[in-house]
Amino acid sequence: MKITSPLLGAASVALLLTLAACGGDSGGGSGDEGAADGGGEAATACEPSDGEVTLTFFSWVPGIEGVVDLWNEQNPDIQVEVQTGPNGNSGTYQNFFNQLEAGNPPDLGQIEFDALPNFRVQDGLTDIGGCEGVMESQEKFVDWTWSQVQLGEENAVYAIPQDTGPMAMFYREDLFTEAGIEVPTTWEEYAAAAEQVRENDGYITNFSTSDINQFAGFVWQAGGSWFGNEGDSWQVGLDSEESVQVADYWNGLIQDDLVSTLPPWTTEWDNAYNSGDAWTWVSAVWGANSIMSGAPDTEGDWRVAPMPTWGDEQAAGNWGGSTTAVFKGSEHPHEAAQFALWLNTSEEAHEALIEAANLYPATTEGQQLPALSEGVPFYGDQKIYEVFTEAGATVPTEWTWGPTMTQVYNDVSDGFSAAASGNGSLAEALTSTQESTTSALESQGIPVGE
Amino acid sequence: MSATPSSTAYRQSPVSRTVAMLVLGVFTLYFLTPIWWLFIAATKERGDLTTTNPLWFSDVNLLENLQGVFSYGDGILPRWLLNSVLYAGVGALVATLLAGMCGYALAKYAFPGREVIFNVVLGGVLVPATALALPLFLIFAQVGGTNTFWSVFLPSIVSPFGVYLARIYAASSVPDELLEAARLDGAGEVRTFFSVSVRLMVPALVTVYLFQFVAIWNNFFLPLIMLRDESLFPVTLGLYNWNTVVNQVPELRLYVLTGSLVSIVPLIVVFLLLQRFWRTGLGTGSLK
């Protein structure tokens, strides 16, 4: 039996809420969790623990054990045990919430940027801003990543950025040259090129109606933000000006049959890229591997250029990326923070993470490593990572994720899929998600401001 | 599929026979195609997966794929297979023993509350395993038992349906006179059960075993919630994990397919070995 996610997810959440309501009293009354609670509150002090410490660290990065072994060899007093499972949205986030409820989460866990606000709102994270070296490391990280781990609070830090997904445009250089079409640098040129590509029986790209992160990256690039967080209250901006502008742009391309809307990550989708039906893909740095594995026949034909812009000013979106967070209840926040800093800022850890899982570091230094400065044969020996490094520096810092991203993704995706088959428009999907998101926040008791 | 033929319809006309065969043939094709697809996919090189006919061979690369999948991640796949065999194989054995004893007791001993207990057990049949996973997690968390072998094994040895089947079967197939005779000969209750009743109940017990084996093998949600240590994963959860990170490690796409092919082999073996008992057992349950 395969897990049928939305329904099952909803059922388990409902069950969890019921159980949480039952369990809350006994936990507080007996007071045997006192030590754990104290650990959370003392985070601002963040004192080192005495003696040997064993930390647990949950991550779904393939090969993470080898990276952690490097730390364990050098730090006999702070041993880290790796726990693993499926990626966040495939069950791990739900597990984290269950574990927080049961009082046995790991000390550290991998959490993607878009899921952090949810954990913060549920009070699942320890503020490590007061831990040694954390605040000082801010300058090492790409700007936008740091603002996303502070979650709108001045002196708080809720996680250490791990990897990022700056966006750029992969394009078929051979096809563009052959057809005599200029490689677009603005979205206006991109739409014009789309028409020419269509005349050559191709589609300029495939617009993802089900994986909403790509669209979010587009809005992010345009300087919009779907959420805002000031103090306790949240603002919802799914139907903001920038968001609607981007939606109308893509809606036009879909209406005119200039882009295809195949479901991403399927064989059909791979085939479209492999057979030359799709000419570009505006995607994140990790997309380089997706093309390599999905479109092996096109070796040598792809290049990478900065993503098209709305005006003259260079800006890029971001798609994906995760952090290392310390969970509420960890008894060793100091040691956990030290490990998280080492994992995400040290050269040896970066090299090992790139080697094991092609992670693209969140630090400016990490992005300059030799492994990321070489030409990639699949892309005609272009030094593709240089494009992404430049892109990463121009990602706007205003973007904020909300506490109910799963619901937002589902609702936008439903609306987009309907729009792609001729019912409504992308902008209408955003307007209706604006409403559903506001009521989802309110029903969780999260104040929504203007 | 086709109902047991009554005496008049026993000699079927060629037409209805053909229709029946056709329907069966279509269903067979329907069920076998995915397995065929999986087998073909597991024999291909990574590059050929999306580019060649999904239902026919290109370059046969099965041995290399098997080597790759068995050695990936320090050879974690054999470990997962072993875990699955332990959870499902041993778990189902214990579950069958418990269900057999319980059903037998409910059938053969009159005691106050017997029907209440039986009805409660019957109620248990209605509760899906998925719904129990989260409460079980919270209970195991209370005693510090999550992320252990036992957190998956212990819940697996309970089979309400097995109790039900064993009771029905014992009531009809173990004659009271035989038990009387055994007692007169001086056998204790335990000995009577193991040396007389179990033998008579074998078809039902095999059915319970098969049911429970498949149920544990397919119970994905419980290990997903309970386990965080890779070396404790059953093969289903392990392959699912790999599948969620194929974007980061593209070679895993092929290993997930090859691993899936390997992982259905034990199920096929168990079925082929035990299927004739399974059929008898199912029939027995349905008569009462």
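Order of the sequence lines sets the chain letters (A, B, ...), proteins ahead of strands, with each chain counted from 1. Nothing here was measured: the structure is a model prediction, and the numbers come from that model.
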## Note on the structure
With chain B, the option among A:Ser275, A:Gly294, A:Pro62, A:Gly287 that has the most non-hydrogen atom pairs under 4.5 Å is A:Pro62
### Message
Does either side chain, that of A:Asn104 or that of B:Thr146, offer a donor lying less than 3.5 Å from an acceptor on the other one?
### Response
yes
### Message
Donor-acceptor pair, distance only, cut-off 3.5 Å: does the side chain of B:Tyr240 make one with the backbone of A:Ser90?
### Response
yes
### Task
Return the option, out of A:Ala356, A:Pro106, A:Gly63, A:Gly66, with the maximum number of heavy-atom pairs under 4.5 Å with chain B.
A:Pro106
### Message
Would you say that more than 12 heavy atoms from the other residues, nucleotides or ligands in this model lie under 6.0 Å from the CD of B:Glu64, or not?
### Response
yes
#### Entry: A:Gln83 side chain reached by B:Asn147 side chain, heavy atoms, under 4.5 Å
yes
### Query
Is any side-chain heavy atom of A:Thr84 closer than 4.5 Å to a side-chain heavy atom of B:Phe233?
yes
### Query
So what's closer than 4.5 Å to chain A heavy atoms on B:Phe140: side chain, backbone, both or neither?
neither
### Task
May I ask you to name which of A:Thr56, A:Asn89, A:Asn87 has the most heavy-atom pairs under 4.5 Å with chain B?
A:Asn87
### Nearest heavy atoms of A:Ala102 and B:Leu138, plus distance in Å
CB-CD2, 3.7 Å
### Query
Got more than 12 heavy atoms from elsewhere within 6.0 Å of CH2, B:Trp36?
yes
### Query
Has the side chain of A:Asn98 got a donor or acceptor atom that lies under 3.5 Å from a matching backbone atom of B:Phe137?
no
### Task
Any chance you could measure B:Arg253, atom CZ, to A:Trp265, atom CH2, to the nearest 0.5 Å?
9.5 Å
### Task
Nearest 0.5 Å please: distance from the CD atom of A:Gln94 over to the CG atom of B:Leu134.
7.5 Å
### Under 4.5 Å from a heavy atom of chain B, the part of A:Glu65 involved
side chain
### Summary
Whatever's closer than 4.5 Å to a heavy atom in chain B on A:Asn274 counts as side chain
### Query
With distance as the sole test, does B:Thr244 use its side chain to make a donor-acceptor pair with the main-chain N or O of A:Pro86 at under 3.5 Å?
no
### Message
Counting only non-hydrogen atoms closer than 4.5 Å, does A:Asp297 touch chain B with its backbone (N, CA, C, O), its side chain (CB onward), both, or neither?
### Response
side chain
#### Entry: Spacing of A:Phe57 atom CZ and B:Arg228 atom CZ [to the nearest 0.5 Å]
13.5 Å
